[in-house]
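For reference, the structure is listed below as structure tokens.
Every number for a ligand or one of its atoms is a count from 1 in the order of the listing.
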Amino acid sequence: RPSDRLLEEKTEEILGINKNGMRCPMEQYIIKGGNPLVGEVEIGGAKNAALGILAAAIMTDETVKIENLPDVQDINVLLEAISEIGAKVERVNRTTVLINGSGIGSVSVDYEYIKKIRASYYLLGALLGKYKRAEVPLPGGCNIGSRPIDLHLKGFKALGAKVKISHGSIIAQADQLTGSHIFLDTVSVGATINIMMAASMANGYTIIENAAREPHVVDAANFLNSMGANIKGAGTDVIRIRGVEKLHKTEYSIIPDQIEAGTFMFAAAATKGDVMVKNVIPKHLEATTAKLVEIGCEVEEFDDAVRVVASKRLGCTNVKTLPYPGYPTDMQPQIGVTLALASGTSIVTESIFENRFKYMDELARMGATVKVEGNSAIITGVEKFTGARVSAPDLRAGAALVIAGLAAEGYTIVDDIVYIQRGYENFEEKLRSLGAEIERVSSEKEIQKFKLRVG
Ligand code: UD1
């Protein structure tokens with residue numbers, strides 16, 4: 001089927017290899033910096049909400065319609081994994097999908113690519129809740145640091161499941177799940193959503209304390225409730241779930257992606273531009289907006305849009321990443337790049353993941369003055385960056401290096417953009433519509449062609 005082929009191609013693209021093990025050509029971005037970004041940009045659906053919601057969609061045997069899906073690689077790989085275990089996945093269009101989980105023949109996910117997507121762990125909560133058994137490959141390491149899932153497993157155990165790790169997979173099973181009182185030691189988005197899914201189909205009442213409050217936790221809860229679940233308190237740190245026997249069909253539209261939105265807001269700031277970021281929920285962007293205002297941007301809020309204008313050189317600030325409603329770790333590299341061009345010295349402290357400053361070395365190659373000490377980066381702003389060849393260490397840092405390239409003098413090449421494609425839909429098209437000179441290329445010849453064209 002053409003839709004199957006499309007999924008396969010997308011999967012190959014993200015992994016850089018096709019099913020015969022052949023390497024696909026590596027792609028890069030080539031950027032000519034210096035243009036302030038000006039215009040309007042439309043934000044897609046939230047990737048991190050969609051990952052939880054797609055997994056939850058298999059928890060009913062009826063057909064679920066999900067709209068406003070972002071067309072990004074992580075989502076396409078998860079959809080492929082869902083169809084591999086026997087669910088029917090029909091792509092109505094680029095952003096809408098129909099999922100029917102009645103044909104799931106296996107609770108064992110052995111689809112090899114799923115290991116690359118950390119959020120494959122959501123299939124554990126979904127399958128365990130529905131079938132009381134799940135077998136999912138343990139997600140592999142990740143570039144932003146060690147990412148344990150002990151809290152997810154602790155939650156499943158508290159609900160009465162036996163959990164073991166065997167041959168690289170997590171196997172969770174229970175005769176029946178029973179509601180429980182669960183206290184999360186650390187605020188975890190993934191554990192909160194995963195436990196919420198399993199508890200939705202447990203017997204009795206579950207309370208999750210110290211729950212994550214991120215907008216995508218609320219979105220996943222709203223989605224489950226629209227399927228007949230009984231979840232209260234999502235968005236606060238105590239979530240109460242009364243288990244139900246069955247979930248049913250629903251139609252649901254995913255919230256806008258606050259991180260994609262924030263990335264464009266910082267792109268506007270770093271290039272001294274003027275960008276209207278449309279289809280957002282301004283409330284979800286408050287931590288980002290507050291920092292932009294603090295460093296000297298004008299930010300205007302509308303019902304479902306924010307406009308960011310940077311008309312002068314920006315100033316310094318200190319920032320520390322925290323769980324929502326604090327400043328998001330997924331927006332740390334974007335503010336880091338912007339502060340590296342601001343006047344004065346800033347301190348950026350990363351308190352969620354231990355290895356999220358790798359991009360600083362790349363930024364230094366573009367002329368930034370930065371020093372990383374433990375979980376803080378000390379950044380003394382420079383007047384300008386100069387273009388260089390850099391490589392994307394992970395998804396958000398990759399996007400931040402693109403912002404650096406857009407603000408730099410001359411040409412920047414960003415390697416390893418597969419990371420960026422995991423989470424940003426049509427990134428280069430959206431940037432070009434704001435006046436950026438950026439192109440996706442995969443050969444030296446194409447780089448030369450770009451340089452000849454833009455001069
Ligand atoms: C999600 C997001 C990711 C974002 C992160 C923090 C998805 C798919 N990804 O990741 O983009 O950067 O939230 O906002 O939604 N921890 C444990 N044990 C666990 C789980 C987490 O110790 O079992 C720790 C982590 O190491 C980390 C902190 O808790 O220090 C927060 O992680 P968590 O919120 O779980 O991140 P993810 O859900 O994986």
Check whether more than 12 heavy atoms from other residues, nucleotides or ligands sit under 6.0 Å from atom NZ of Lys154, and answer yes or no. yes
Count the heavy atoms of every other residue, nucleotide or ligand shown that sit under 6.0 Å from CG of Asp303, and state whether that count exceeds 12. no
Is [X] close to ligand 1, meaning an N/O of one under 3.5 Å from an N/O of the other?
X      : answer
Ala191 : no
Ser188 : yes
Phe353 : no
Lys47  : no
Thr329 : no

Over-ring placement of Arg213 relative to Tyr324, 6.0 Å and 45° cut-offs: no
Can you tell me if [X] has a non-hydrogen atom under 4.0 Å from ligand 1?
X      : value
Val187 : yes
Ala212 : no
Tyr324 : no

Salt-bridge criterion met for Asp415 and Arg389 (N-O under 4.0 Å): yes
Determine the sole option in Ile255, Ile259, Ile254 for which the side-chain contact (heavy atoms from CB on, under 4.5 Å) test with Asp257 is passed. Ile259
Single hit among Lys47, Arg396, Glu260 for side chain to side chain donor-acceptor pair (under 3.5 Å) with Tyr424: Arg396
Within the 4.0 Å heavy-atom cut-off, what His152 brings close to ligand 1 is both
Location of contacts on Asp330 toward ligand 1, heavy atoms closer than 4.0 Å: side chain
Considering the heavy atoms of [X], write down every atom of ligand 1 situated less than 4.0 Å from one of them.
X      : answer
Leu51  : 8 (C)
Gly190 : 35 (O), 38 (O)
Arg356 : 12 (O)
Thr186 : 29 (O)

So does Gly125 get a backbone contact from the side chain of Asn194, meaning a donor-acceptor N/O pair under 3.5 Å? yes
Can you check whether Glu42's main-chain N or O pairs, donor with acceptor, with Lys430's side chain at less than 3.5 Å? yes
Distance only, no hydrogens: is a donor on one side chain within 3.5 Å (strictly under) of an acceptor on the other, for Asn76 and Arg91? yes
